[in-house]
Amino acid sequence: MPNVWSHILFGDRVRKQAGLSAAGDLRSFHLGCQGPDFLLYHNFWPWKRDKSVSRLGGVIHQKHCGPFLMDLILAAAEHPGMRDYVSGFLTHHILDRRTHPYIIYKSGDGKYKHQKLEVIIDTLLAQRLEGIQTWKSPVVPRIDIGTSLPRQWVEVLQGAAQKHFPKETEPVLPHHWNEGYQDMKRALSLFHDPTGVKWLFTLGAISPFRYRPIRDGIDYLNESGEEWVHPHFPKEKHRESFLTLWESALREGADLLNRTIAFWKGETAEDTLCDLLGNISYDTGKDCSSKKERPVFAPVV
């Protein structure tokens, strides 16, 4: 998946492309733009062994993706205070499903290589699109909505997870969702290290996650148009750059966001929105029922 800054920048641009003003609650929207990723930070400290919450975050990316997201949209129809958050969650899904195959192919399966490439792409996009130097600009204030998630959000998320992922949700209690949110903020604060002191203190352990200037000349965004293949469907060949995938995702995201808002206004039928959303994996960009082949990679990190 793209990382924090990419999802924030993408979400803002989806709203603009959709002809919408900025979200009323921008921090809630930007937190929503992180989708289920905050669960992946739960117990990120190496001495904490229970990874049940992060496993749930992983399966949300892979199975029942459309129905789970549709349940959030339905809940936001009843609870308008969730709409900025759920709108952001929708944009996260769209960007992931469009760009994740490229990132997986170009990062490989080495330890933390996926995260390393995401952080690099975050840095390149933030500087190019907004002039933001990620190694100097802390991202946590953009997504910080306070000490905990609203109770209504937790109830909706827990309920949707229990419905679609009963096995993986069994060990996950409502307070774990807040712990994931809090751990995400802690981790991102740790990885913000403009002076390098934290890198030294951790003996380099935070290197894959730490923002830094990118000056190595590697074509991380595939602007040269080099051929790459879908990692799980290697007969499917591509030459798109990351930015081309980004633009495709923008168009798709703007259309789906407008359709979602129309649904909340009673102007689009639930079945129509379900069909448009589909049941597409965050990881593969294919229907969740598609049988994946053994993955192939061509890492640049």
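Computed over heavy atoms, backbone and side chain alike; hydrogens, waters and symmetry mates excluded.
A cation-pi arrangement, defined by a distance under 6.0 Å to the six-membered ring centre and an angle within 45 degrees of its axis, is present between R15 and F29.
Remark: side-chain polar atoms of T268 are not paired, donor with acceptor, to backbone N or O of A262 under 3.5 angstrom. In this structure, Q17 contributes its side chain and E247 its backbone to no donor-acceptor pair below 3.5 Å. Of the possible donor and acceptor atoms, none in the side chain of H42 sits under 3.5 Å from a partner among the backbone N and O of F38. Without hydrogens or angle criteria, R83 side chain to A76 main chain gives a donor-acceptor distance under 3.5 Å. The closest donor-acceptor contact from the side chain of D84 to the backbone of A23 lies at 3.5 Å or more, if one exists at all. A donor-acceptor pair under 3.5 Å is formed between the side chain of W228 and the backbone N or O of E240. A donor-acceptor pair under 3.5 Å is absent between the side-chain atoms of N3 and the main chain of Q115, judged by distance alone. Side chain of Y102 to main chain of H238: no donor-acceptor pair is present (N/O by atom type, distance under 3.5 Å, no hydrogens or angles). Put simply, the side chain of D122 gets close to the backbone of S6: a donor and an acceptor are under 3.5 Å apart. The backbone N or O of S148 sits nowhere less than 3.5 Å from a side-chain atom of N178 that would complete a donor-acceptor pair.
In this structure, R27 and P141 approach most closely via the heavy-atom pair NE-O, 3.2 Å. When all heavy atoms of K292 and T284 are compared, the pair lying nearest together is CD-CG2, 3.6 Å. Closest of all the heavy-atom pairs between I94 and G253 is CG2-N, 3.8 Å. Residues I120 and R212 share a closest heavy-atom pair of CD1-NH2, 4.1 Å. Across all non-hydrogen atoms, the minimal contact from P171 to K167 is CD-O, 3.7 Å. Taking all atoms of both residues into account, the shortest heavy-atom contact from A269 to F263 is C-CD1, 4.2 Å.
Residues R186 and Y41 form no side-chain contact, since every pair of their non-hydrogen atoms from C-beta on lies 4.5 Å or further apart. Side chains of L74 and E270 form a contact here, defined as non-hydrogen atoms less than 4.5 Å apart. Taking 4.5 Å as the limit, every side-chain heavy atom of W264 sits out of range of all side-chain heavy atoms of L273. Between Y211 and P194 the shortest side-chain heavy-atom distance does not fall below 4.5 Å. For the pair T91/C33, a side-chain contact is recorded, criterion being any heavy-atom separation below 4.5 Å from C-beta on. Looking at heavy atoms from C-beta onward, D71 lies in side-chain contact with H164 at the 4.5 angstrom threshold. Contact of the V139 side chain with the I8 side chain is registered, since non-hydrogen atoms from C-beta on lie closer than 4.5 Å. In this structure the side chain of V119 never reaches within 4.5 angstrom of the side chain of Y112, judged on heavy atoms.
We find the SG-CD1 distance between C65 and I280 to be 8.5 Å, quoted to the nearest 0.5 Å. Atom OG of S290 and atom CZ of F233 lie 5.0 Å apart (nearest 0.5 Å). Note that the CG atom of D183 and the CG atom of L188 stand 10.5 Å from one another [nearest 0.5 Å]. Interatomic distance, CG of L276 versus CZ of R259, reported as 5.0 Å (0.5 Å rounding). The CD atom of E223 sits 9.0 Å away from the OG1 atom of T244 when rounded to the nearest 0.5 Å. Rounding to the nearest 0.5 Å gives a distance of 5.0 Å between CD of E179 and NE2 of H176.
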#### Entry: F242 vs I103, side chain to side chain contact (heavy atoms under 4.5 Å, CB included): CA-CA, chis, key distance, verdict
CA-CA 9 Å; F242 185 89; I103 290 175; 4.0 Å; yes

#### Entry: Audit row: K235, E293, salt bridge (Lys or Arg N to Asp or Glu O under 4.0 Å) steps and yes/no
CA-CA 10 Å; K235 292 180 181 178; E293 298 181 31; 5.8 Å; no

### Message
Show, in sequence, the C-alpha distance, side-chain angles and deciding distance for I145 and S28, and conclude whether the side chain to side chain contact (heavy atoms under 4.5 Å, CB included) test is met.
### Response
CA-CA 6 Å; I145 62 168; S28 290; 3.9 Å; yes

### Message
Applying side chain to side chain contact (heavy atoms under 4.5 Å, CB included) to L149 and L31, what does each step give before you reach the verdict?
### Response
CA-CA 10 Å; L149 302 173; L31 179 59; 3.8 Å; yes

### Task
Go through W246 and I121 one step at a time and tell me if the side chain to side chain contact (heavy atoms under 4.5 Å, CB included) criterion holds.
CA-CA 12 Å; W246 172 280; I121 289 177; over 6 Å; no

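Residues L129 and Y220 share a single hydrophobic cluster, defined by chaining ILVMFWY side chains whose heavy atoms lie under 4.5 Å apart. Under the 4.5 Å side-chain contact rule for hydrophobic residues, V154 and M184 share a cluster. A continuous path of Ile, Leu, Val, Met, Phe, Trp and Tyr side chains, each step under 4.5 Å between heavy atoms, connects L243 with L117, placing both in one hydrophobic cluster. Put simply, W135 and I218 are part of the same group of oily side chains (I, L, V, M, F, W, Y) that touch within less than 4.5 Å, one to the next. A continuous path of ILVMFWY side-chain contacts below 4.5 Å connects M82 to L20, so both sit in one hydrophobic cluster.
Taking the six-membered ring where tryptophan is involved, the planes of W153 and Y85 are essentially parallel, since the angle between them stays under 30° and well short of 60°. Note on ring orientation: taking the six-membered ring where Trp is involved, the planes of H92 and Y282 are tilted (angle from 30° to 60°). H64 and F165 have tilted rings, their planes meeting at an angle from 30° to 60° on a 0 to 90° scale.
Heavy-atom neighbours of Q62 CD from other residues, nucleotides or ligands within 6.0 Å: above the threshold of 12. Annotation for K198: atom NZ counts as buried by contact number, over 12 foreign heavy atoms lying within 6.0 Å.
Between D255 and R251 no salt bridge is recorded (no basic side-chain N to carboxylate O distance below 4.0 Å).
Residues D219 and S224 have side chains that bring a donor and an acceptor to within less than 3.5 angstrom of each other. Using modelled atom types, one finds a donor on one side chain and an acceptor on the other under 3.5 Å when comparing S207 with W199. Remark: the D283 side chain and the H100 side chain contain an N/O donor-acceptor pair separated by less than 3.5 Å.
Of the residues listed (Q182, E155, Q158), the one engaging W177 in a side chain to side chain donor-acceptor pair (under 3.5 Å) is Q158, and it is the only one.
Legend: salt bridge (Lys or Arg N to Asp or Glu O under 4.0 Å) pairs involving residues 43-58, not counting sequence neighbours: none detected.
Ring to ring, H230 and Y105 are not that close: their centroids are 6.0 angstrom or more apart.
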